[in-house]
Protein chains: 2
Amino acid sequence: MSDLLARLRERGWRMTSQRRVVAEVLDGDHVHLTADEVHARAAQRLPEISRATVYNTLGELVSLGEVMEVSTDGRARRYDPNAHHPHQHLVCSGCGTIRDVHPTGSPLADLPAEERFGFTLSGVEVTYRGLCPACA
Amino acid sequence: MSDLLARLRERGWRMTSQRRVVAEVLDGDHVHLTADEVHARAAQRLPEISRATVYNTLGELVSLGEVMEVSTDGRARRYDPNAHHPHQHLVCSGCGTIRDVHPTGSPLADLPAEERFGFTLSGVEVTYRGLCPACA
DNA sequence: TTCTTGACTTGGATCCTGTCCATCGTAGGA
DNA sequence: TCCTACGATGGACAGGATCCAAGTCAAGAA
């Protein structure tokens, strides 16, 4: 996933130090950070970066399809850099941590036409809920 | 679902005019209102009702299992009075409206043990995303 | 290299959702 | 009818996210 910056440049993204830092923070590990956590990590390398810029950049990465937005608890949205490999989420109802899971079983049943109410479907999200070992 | 009030009374719920109005608003139709929308509708009948009361009452209805909390977009949570019949949600990415759907296909594959990371599972949520006819 | 310009960043105000708390009111049993 | 514990009130508060006017700068043009 370290070619994220290259892909962005290819698409004509104007590369600023702020955007680079945000992209690199997300690129680092596959945890699911909140916007504020991204801002905190980015600020370690670029202390003047503003929250608005982090929000803007995250929004752009989402609309470019490079990052997934995950809102699991009605609190802060989280950002998942693992957007190119379909997967699902396992969320702890206690502490809110998220794990990516890749069920090997039968694929999801598609929604039958008579249940679509005229919607044009774009995707399905599956969220497993439970308690992590620490919270149980 | 019009026996909601009866069920609540049975459970020893202290019945106040505020709680009655909130329950009746939810009981009305199977749309998925935000807390603020519930408050607005309740205030049409009981103008002095406060937001805190609506939040309290909704929270109690959720913990009684009479209403489901749905958070699909990281914005306002929505409340689904259709808590007694398992179903899934179809969400418009444009306007945020939610429809209940009842896929008839194969049930969801359960999460295999090696993918649970020690979590004790409590449930699965499935959310279909797309654009409604009006937003498409 | 320097210039130019429109896209990007800043930070503070503002909005929205939701919670908290001290005080007041009242449902329902005695 | 009276009591009292439970519920309602509303205003303060907190966190997440967005908006905006002003300043800055990346990158193409000359």
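Atoms considered below: every heavy atom in the structure, side chains included; atoms not considered: hydrogens, waters and symmetry mates. By convention in this document, chain letters (A, B, ...) are assigned in the order of the sequence lines, proteins followed by strands, and residues within each chain are numbered from 1. Bear in mind the structure is a predicted one, so any value in this text is a computation, not a measurement.
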- Message: Five pairs per end, C1' atoms only: what is the angle between the end axes of the helix from C/dT1-D/dA30 to C/dA30-D/dT1, to 10 degrees?
- Response: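 Inter-axis angle at the ends, rounded: 20°.
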- Should A/Glu66 and A/Arg11 count as side-chain neighbours, where that means a heavy-atom distance under 4.5 Å?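 Counting from C-beta outward, A/Glu66 and A/Arg11 do come under 4.5 Å.
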- Query: Do B/Leu26 and B/Tyr79 come within less than 4.5 Å of each other through their side chains, counting heavy atoms only?
  - Reply: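 Side chain of B/Leu26 against side chain of B/Tyr79, heavy atoms only: contact under 4.5 Å found.
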- Message: Could you check whether A/His85 and A/Asp100, counting side-chain N and O atoms only, form a donor-acceptor pair closer than 3.5 Å?
- Response: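 The answer is no; no qualifying pair exists.
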- Do B/Glu125 and B/His89 meet the criterion of a side-chain donor-acceptor pair at a distance under 3.5 Å?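 Result is no, nothing qualifies.
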Starting from [atom2] on [N], measure out to [atom1] on [X] and report it in whole angstrom.
X       : N      : atom1 : atom2 : result
A/Met15 : C/dC8  : CE    : C1'   : 13 Å
A/His39 : C/dT9  : NE2   : P     : 12 Å
B/Asn56 : C/dT19 : CG    : C1'   : 9 Å
B/Arg78 : C/dT17 : CZ    : C1'   : 13 Å
A/Arg20 : C/dA7  : CZ    : P     : 20 Å
B/Leu8  : C/dG28 : CG    : P     : 12 Å
B/Tyr55 : C/dC21 : OH    : P     : 17 Å
A/Leu58 : C/dT9  : CG    : P     : 12 Å

- Message: Any residue in residues 47-54 of chain B with a heavy atom nearer than 4.0 angstrom to DNA chain D? Just list them by number, or reply none.
- Response: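 The answer is B/Glu48, B/Ile49, B/Ser50, B/Ala52, B/Thr53.
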Carboxylate-amine/guanidinium contact [X] [Y], below 4.0 Å:
X       : Y        : result
A/Arg51 : A/Asp36  : yes
B/Arg99 : A/Glu115 : no
A/Arg19 : A/Glu60  : yes
A/Glu24 : A/Arg41  : no

- Contact nearer the 5' end of DNA chain C, comparing A/Glu60 with B/Thr34: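 The residue closer to the strand's 5' end, by nearest nucleotide, is A/Glu60.
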- Message: Going 5' to 3' along DNA chain D, which are the first and last nucleotides with any atom under 4.0 Å from a heavy atom of chain B?
- Response: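 Range of nucleotides touched by chain B: D/dA5 to D/dG10.
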- Query: Would you find more than 12 non-hydrogen atoms of other residues, nucleotides or ligands less than 6.0 Å from A/Arg45 atom CZ?
  - Reply: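 Check passes, neighbour count above 12.
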- Query: Under 4.5 Å between side-chain heavy atoms, hopping through other hydrophobics if needed: is there a path connecting B/Tyr55 to B/Leu61?
  - Reply: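 Each belongs to a different hydrophobic cluster.
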- On DNA chain D, check which nucleotide each of A/Arg9 and B/Leu46 is closest to and give me the residue with the more 5' one.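 The residue whose closest nucleotide sits nearer the 5' end is B/Leu46.
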- How are the rings of B/His102 and B/His87 set to each other: parallel, tilted or perpendicular (split at 30° and 60°)?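 Ring orientation of B/His102 relative to B/His87: tilted.
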- Query: Within less than 4.0 Å of OP1 or OP2 of C/dT26, is there a side-chain N or O belonging to B/Thr16?
  - Reply: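 So the side-chain polar atoms of B/Thr16 never come under 4.0 Å of the phosphate oxygens OP1 or OP2 of C/dT26.
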- Task: Indicate whether OP1 or OP2 belonging to C/dT9 is found under 4.0 Å from a side-chain N or O atom of A/Arg19.
- Result: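 For C/dT9, OP1 or OP2 has a side-chain N or O of A/Arg19 closer than 4.0 Å.
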- Are the side chain of B/Ser122 and the backbone N or O of A/Arg129 linked by a donor-acceptor pair below 3.5 Å?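 Yes, B/Ser122 side chain to A/Arg129 backbone: donor-acceptor pair under 3.5 Å.
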